[in-house]
Amino acid sequence: MTTLSLRAYTSQATVHDHEQHQLVLPIRGHLDIQVGSHQGTVVTGECVIIRPGESHLFHAKDAARFIVADLDSLPDNLAASQRVVFSISTLLMNYLLFLEAQLQGEVDRNIDQLSIALFLGLLEKQTCDHRVDRRLLRVLDTMKAQLDQPHDVASLARLAHLSPTQFHKVFRDSLGISVKQYLTARRMERARAQLIHTDLSVQQVAEAVGYQNLSAFSRRFSCYFGQSPREMTRQYSSLTPATD
DNA sequence: ATGCCTGGACCATTCCTCAA
DNA sequence: TTGAGGAATGGTCCAGGCAT
């Protein structure tokens, strides 16, 4: 049995434990946590795993809000991990924001079941073997929010309060790829989504993800996905029934 | 014919790693 | 932290394919 609840703690909770697994996912503000021997702060974009019988306590600031999920069992990817805290994907983070609104609305059993199913589906997609360095969170947000803008490493490093060399190192240690590779990956994924889900032309999509030059975009897209933007569009449009 | 797109060649810039 | 050097990336130009 999986239940989801939205909770906003504002005061020190007493030490306690549960029979079920519990996941705590901040959607605003941060929490000070103590889980077993682990102690630290958890911020938006991270998830805490609390195993059955494990003593824990939270302390949240006034404005902090977070989603709590009680589960009988963890998905395999989480169960296999020894981590207490890991970074969640942007997709799951966005879904949590939707859930926040959903959980405060009217109670509808069907919708609730679908919501939980989707939550579990996204949970299974998490790679919980890493935790993104805090200094990079603003940088990642900035890049993702401004994919159409040019980003140079020097200014991104300043945002993280690191020297360019340190920034390179922290970035690769934390995410396993270089800054440029990360930016290109985000741009390509966004581009693919726009090509498949919108009627924007390849030119418009290229501009939307920061390429002034269509040729450069097409080349990069083909390298990344192994097929051209137009081929990608056609492949998916042939799978989608016509609406008119 | 026209517009849209792809991909090759070339070049400049920026990135990234590594040694000092 | 800095600097060097190779690698990667993006822009420009252009030729050519494809659909309308």
Side-chain angles (χ1 to χ4, degrees), chain A residues 40-41 43-46 77 81-83 85-94 125-244:
Chain A
T41 305
V43 300
T44 303
E46 295 181 330
N77 56 326
S81 174
Q82 301 300 310
R83 283 192 163 275
V85 181
F86 68 92
S87 296
I88 63 172
S89 68
T90 305
L91 205 56
L92 178 54
M93 187 60 226
N94 288 339
K125 299 281 184 190
Q126 302 305 302
T127 48
C128 52
D129 56 347
H130 76 288
R131 187 180 184 185
V132 175
D133 191 294
R134 293 279 167 71
R135 292 168 291 187
L136 301 181
L137 295 177
R138 258 181 80 193
V139 174
L140 299 182
D141 283 346
T142 300
M143 283 199 280
K144 280 183 278 193
Q146 300 171 6
L147 284 180
D148 59 330
Q149 300 295 315
H151 295 282
D152 65 284
V153 169
S155 53
L156 293 173
R158 276 197 297 276
L159 209 56
H161 303 292
L162 292 165
S163 71
T165 306
Q166 275 293 317
F167 180 63
H168 279 304
K169 182 172 171 15
V170 169
F171 200 99
R172 184 171 276 284
D173 287 350
S174 195
L175 291 148
I177 53 176
S178 71
V179 180
K180 209 68 182 178
Q181 286 172 332
Y182 178 85
L183 189 58
T184 300
R186 296 287 74 73
R187 282 179 165 156
M188 291 301 115
E189 295 295 342
R190 174 80 59 86
R192 178 167 68 168
Q194 293 198 344
L195 286 167
I196 292 170
H197 299 308
T198 74
D199 62 351
L200 293 176
S201 67
V202 176
Q203 172 78 55
Q204 288 170 313
V205 170
E207 288 170 8
V209 297
Y211 284 82
Q212 274 80 56
N213 186 274
L214 182 57
S215 180
F217 168 73
S218 180
R219 191 192 316 139
R220 179 67 41 225
F221 191 94
S222 296
C223 280
Y224 192 85
F225 290 114
Q227 61 184 152
S228 70
R230 187 152 59 178
E231 283 171 350
M232 179 75 76
T233 307
R234 284 183 183 150
Q235 180 191 331
Y236 279 86
S237 65
S238 68
L239 299 173
T240 309
T243 52
D244 53 3

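Lettering of chains follows the sequences in order, A, B, ..., and the numbering in each one begins at 1. All values derive from a computational prediction rather than experimental measurement.
- Atom CZ of A/Arg234 and atom P of B/dC4 are 14 Å apart (whole Å).
- Distances shorter than 4.0 Å separate none of the side-chain N or O atoms of A/Ser201 from OP1 or OP2 on B/dC4.
- For the pair A/Arg190 (side chain) and A/Lys144 (backbone), a donor-acceptor distance under 3.5 Å is present.
- As a whole-Å value, the separation of A/Leu214 CG from B/dG8 P is 15 Å.
- Using modelled atom types and a 3.5 Å distance limit, the side chains of A/Gln166 and A/Ser163 yield no donor-acceptor pair.
- Between the CG atom of A/Asn213 and the P atom of B/dG7 there is a distance of 14 Å, given to the nearest Å.
- Atom NE2 of A/His151 is separated from atom P of B/dC15 by 12 Å (rounded to the nearest Å).
- Here the side chain of A/Arg187 pairs a donor or acceptor atom with the backbone of A/Val209 at under 3.5 angstrom.
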Return the polar atom pairs (N/O with N/O) between nucleotides 16-18 of chain B and the protein under 3.5 Å, or none.
| unit_1 | atom_1 | unit_2 | atom_2 | d |
| --- | --- | --- | --- | --- |
| B/dC16 | OP1 | A/Ser178 | OG | 2.7 |
| B/dC16 | OP1 | A/Val179 | N | 3.0 |
| B/dC16 | OP1 | A/Lys180 | N | 2.7 |
| B/dC16 | OP2 | A/His168 | ND1 | 3.0 |
| B/dT17 | OP1 | A/Arg172 | NE | 2.1 |
| B/dT17 | OP1 | A/Arg172 | NH2 | 2.7 |

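- The closest donor-acceptor contact from the side chain of A/His151 to the backbone of A/Gln146 lies under 3.5 Å.
- Going from atom OH of A/Tyr182 over to atom C1' of B/dC15 covers 18 Å, rounded to whole Å.
- Protein atom CG of A/Leu195 is 12 Å distant from nucleotide atom C1' of B/dC5, rounded to whole Å.
- At distances below 3.5 Å, at least one donor-acceptor pair connects side-chain atoms of A/Gln181 with backbone N or O atoms of A/Ser178.
- Using a 4.0 Å heavy-atom criterion, one finds that A/Tyr211 contacts the sugar-phosphate atoms exclusively.
- Of the charged side-chain nitrogens involved, none lies within less than 4.0 Å of a carboxylate oxygen, so that A/Arg234 and A/Glu231 do not count as a salt-bridged pair.
- Here B/dT14 presents its P atom at 19 Å from CZ of A/Phe171, a figure rounded to the nearest Å.
- Between chain A and DNA chain C, the heavy-atom contact criterion of under 4.0 Å yields a 5' to 3' nucleotide range of C/dT1 to C/dA19.
- At a cut-off of 3.5 angstrom, the base of B/dG7 holds at least one donor-acceptor pair with the side chain of A/Ser215.
- Side chain of A/Thr198 to backbone of A/Gln194: a donor-acceptor contact under 3.5 angstrom is found.
- Enclosure of atom CD in A/Gln149 by more than 12 non-hydrogen atoms of other residues, nucleotides or ligands within 6.0 angstrom is indicated.
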(request) Please step through side chain to side chain contact (heavy atoms under 4.5 Å, CB included) for the pair A/Arg172 and A/His168, ending with a clear verdict. (result) CA-CA 6 Å; A/Arg172 184 171 276 284; A/His168 279 304; over 6 Å; no

